[in-house]
Amino acid sequence: KGNKLHVDYFSLDVEGNEIMILNSLDWNKLSIDMFTIEKQENSEPIYNIMARQGYVRVGAIEFDDLFVKKEVMDTLYLVEVPHLVLTTIS
């Protein structure tokens with residue numbers, strides 16, 4: 001995708017500094033298909049950041065929220081897996 005660095009999957013778990021890390025990413029130079037981000041007590045700021053960058057929260061895996069880039073959603077085949085809760089959140 002042009003000069004962007006492409007990443008299939010990014011796991012973010014930095015003990016409460018997730019918002020700082022997300023705000024420090026140069027989104028113009030990155031193309032990331034999917035994130036898991038450690039759940040926070042107040043997840044609304046993370047949801048807002050991810051939505052602004054074109055991601056949809058599709059569910060949760062244990063202690064992480066799963067976000068997928070909207071343009072990638074159509075290419076995925078999601079299945080039910082024990083201990084994996086996938087829901088579409090709008």
What distance separates [X] [atom1] from [Y] [atom2], expressed to the nearest 0.5 Å?
X: Phe10; Y: Asp33; atom1: CZ; atom2: CG; value: 13.0 Å
X: Asn3; Y: Ser31; atom1: CG; atom2: OG; value: 12.5 Å
X: Asn17; Y: Ile19; atom1: CG; atom2: CD1; value: 9.5 Å
X: Leu12; Y: Glu38; atom1: CG; atom2: CD; value: 8.5 Å
X: Asn23; Y: Ile46; atom1: CG; atom2: CD1; value: 10.0 Å

Please walk me through it: do Leu66 and Met34 pass side-chain contact (heavy atoms from CB on, under 4.5 Å)? CA-CA 7 Å; Leu66 175 62; Met34 195 175 320; 3.6 Å; yes

Trp27 side chain reached by Leu22 side chain, heavy atoms, under 4.5 Å: yes

Run Phe35 and Val7 through side-chain contact (heavy atoms from CB on, under 4.5 Å) and show every step you take. CA-CA 10 Å; Phe35 276 87; Val7 177; over 6 Å; no

Show your reasoning for whether side-chain contact (heavy atoms from CB on, under 4.5 Å) applies to Val68 and Val56. CA-CA 5 Å; Val68 178; Val56 176; 5.7 Å; no

Atom CZ of residue position Phe63 - does it have more than 12 heavy atoms of other residues, nucleotides or ligands inside 6.0 Å? no

Partner set under side-chain hydrogen bond (donor to acceptor under 3.5 Å, both in side chains) for Glu18, not counting sequence neighbours: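 Partners of Glu18 by the side-chain hydrogen bond (donor to acceptor under 3.5 Å, both in side chains) criterion, ordered by chain and then number, come out as Gln40.
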
Kindly list each side-chain donor-acceptor pair under 3.5 angstrom involving residues 48-55, sequence neighbours excluded, with atom names and distances?
unit_1 : atom_1 : unit_2 : atom_2 : d
Asn48  : ND2    : Glu44  : O      : 3.3
Tyr55  : OH     : Ile32  : O      : 2.5

